[in-house]
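Written out below as structure tokens is the structure these notes cover.
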Amino acid sequence: DDWRGNVGGTRRIAELAAGVGARFVFFSSGGAIYGEVADLASEDAPAAPLSPYGRSKLAAEAAAREAVGAPIIVRPSNVYGPRQRSDLEGGVVSVFLNRALRGETLELHGGGVAVRDFVYVGDVVDAVLKLVDGHHAGTWNVATGNSDRVLDVVEAVGAALGRRVDVAIGERRAGDIARSCLDSGALRRATGWAPTYGLRQGISAMVEDFIAHG
């Protein structure tokens, strides 16, 4: 499924874009592409995908370049924000928030010590608009450069809700990346982009949106 959607689907859409002379923006995945990183991963860091999803994203990037020539390839870190689905893998912020709102216990695989770079969806949109409006091509990390633990998400959810959140400690899942943080310095230098939301501010915005829209 990953290969069919990410590679085959991307190739077809990119070919259609090339056929009508449209510009093409492809959303890849920073965390899945770089795999485990000891420090902030920049765009020239070696690709080391650990999952079929990551390998399919890397192949889809190549398919986009082959079809279009100079696409905009966006490699975001862990994106989160209002209306994010909570039934898909990778949306840990939305999963935790929705379970906490229902009064359910949150399961922390591996004790929640895995480190991620959580970037707010509004900041990602702003980055893409700056890349498009500035007629930039190439591959770009979109991330905060922050190193937040999954446990920090739980604490931020509790702070946004104003109450204690129950947690249970589970075993680390096979294939889970222990540390994934990205360097978006190239994007900042090229476009002047900078993230405006920290993790607690972003999760508070999600709670406010949920209260407003259910």
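All values below were derived from every heavy atom in this structure, side-chain atoms included, with hydrogens, water molecules and symmetry-related copies excluded.
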Taking [Y]'s backbone N and O only, do any of them form a donor-acceptor pair with [X]'s side chain (distance below 3.5 Å, no angle check)?
X: Asp123; Y: Ala194; result: no
X: Ser184; Y: Leu187; result: no
X: Asp117; Y: Thr144; result: yes
X: Ser56; Y: Tyr53; result: yes
X: Gln84; Y: Val79; result: yes
X: Glu36; Y: Ala178; result: yes
X: Lys57; Y: Gly30; result: no
X: Asp209; Y: Met206; result: no
X: His109; Y: Gly170; result: no
X: Arg164; Y: Gly158; result: no

Report whether [X] and [Y] are members of the same hydrophobic cluster (ILVMFWY, side-chain heavy atoms less than 4.5 Å apart, transitive linking).
X: Phe118; Y: Leu108; answer: yes
X: Val7; Y: Ile13; answer: no
X: Val95; Y: Val115; answer: no
X: Val128; Y: Val119; answer: yes
X: Val167; Y: Val93; answer: yes

- request: Dump the intermediate steps for side-chain hydrogen bond (donor to acceptor under 3.5 Å, both in side chains) on Glu43 and Thr139, then the final yes or no.
  value: CA-CA 7 Å; Glu43 291 85 352; Thr139 303; over 6 Å; no

To the nearest 0.5 Å, how far apart are [atom1] in [X] and [atom2] in [Y]?
X: Asp1; Y: Arg4; atom1: CG; atom2: CZ; answer: 4.5 Å
X: Gln201; Y: Ile203; atom1: CD; atom2: CD1; answer: 11.5 Å
X: Asp44; Y: Asp183; atom1: CG; atom2: CG; answer: 9.0 Å
X: Ser77; Y: Asn141; atom1: OG; atom2: CG; answer: 8.5 Å
X: Glu171; Y: Ile169; atom1: CD; atom2: CD1; answer: 12.0 Å

Given side chains that start at C-beta, do those of [X] and [Y] come closer than 4.5 Å, heavy atoms only?
X: Phe26; Y: Val74; result: no
X: Val153; Y: Tyr80; result: no
X: Pro49; Y: Leu58; result: yes
X: Trp193; Y: Val124; result: no

task: Give the intermediate values and the outcome of side chain to side chain contact (heavy atoms under 4.5 Å, CB included) for residues Arg23 and Ile72.
output: CA-CA 8 Å; Arg23 299 171 68 194; Ile72 297 173; 3.8 Å; yes

task: Hey, can you tell me if Tyr120 and Tyr197 have their rings parallel, tilted or perpendicular (30° and 60° cut-offs)?
output: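 Correct class here is parallel.
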
- request: Indicate the ring-plane relationship of His136 and Trp140, choosing parallel, tilted or perpendicular according to the 30° and 60° boundaries.
  value: perpendicular

Intermediate values then yes/no, side chain to side chain contact (heavy atoms under 4.5 Å, CB included), Leu151 and Val113: CA-CA 6 Å; Leu151 181 59; Val113 298; over 6 Å; no

Pair Glu208-Ile211, side chain to side chain contact (heavy atoms under 4.5 Å, CB included): steps then yes or no: CA-CA 5 Å; Glu208 291 172 4; Ile211 292 172; 5.8 Å; no

message: Let's go through Ser147 and Arg179 carefully: what are the C-alpha distance in whole Å and the side-chain angles of both, what is the deciding distance for side-chain hydrogen bond (donor to acceptor under 3.5 Å, both in side chains) to 0.1 Å, and is it a yes or a no?
response: CA-CA 8 Å; Ser147 302; Arg179 191 177 191 281; 3.2 Å; yes

message: For Glu104, is the CD atom crowded, meaning more than 12 foreign heavy atoms sit under 6.0 Å from it?
response: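 It does: Glu104 CD has more than 12 such atoms within range.
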
field: Stepwise side-chain hydrogen bond (donor to acceptor under 3.5 Å, both in side chains) check, Asn98 with Ser94
entry: CA-CA 6 Å; Asn98 278 269; Ser94 182; 3.3 Å; yes

Minimal non-hydrogen separation, [X] against [Y], with atom names:
X: Phe24; Y: Ala64; result: CE2-CB, 3.8 Å
X: Gly112; Y: Arg149; result: O-CB, 3.6 Å
X: Leu101; Y: Arg163; result: CA-NH2, 3.8 Å
X: Leu182; Y: Ala143; result: CB-CB, 3.6 Å
X: Ala100; Y: Leu106; result: N-CD2, 3.9 Å
X: Asn6; Y: Ala60; result: O-CB, 2.9 Å

- request: May I ask you to say whether Glu61 pairs ionically with Arg75, meaning some side-chain N is under 4.0 Å from a carboxylate O?
  value: yes

field: From CA spacing to verdict: side chain to side chain contact (heavy atoms under 4.5 Å, CB included), Leu199, Asn146
entry: CA-CA 9 Å; Leu199 182 60; Asn146 295 331; over 6 Å; no

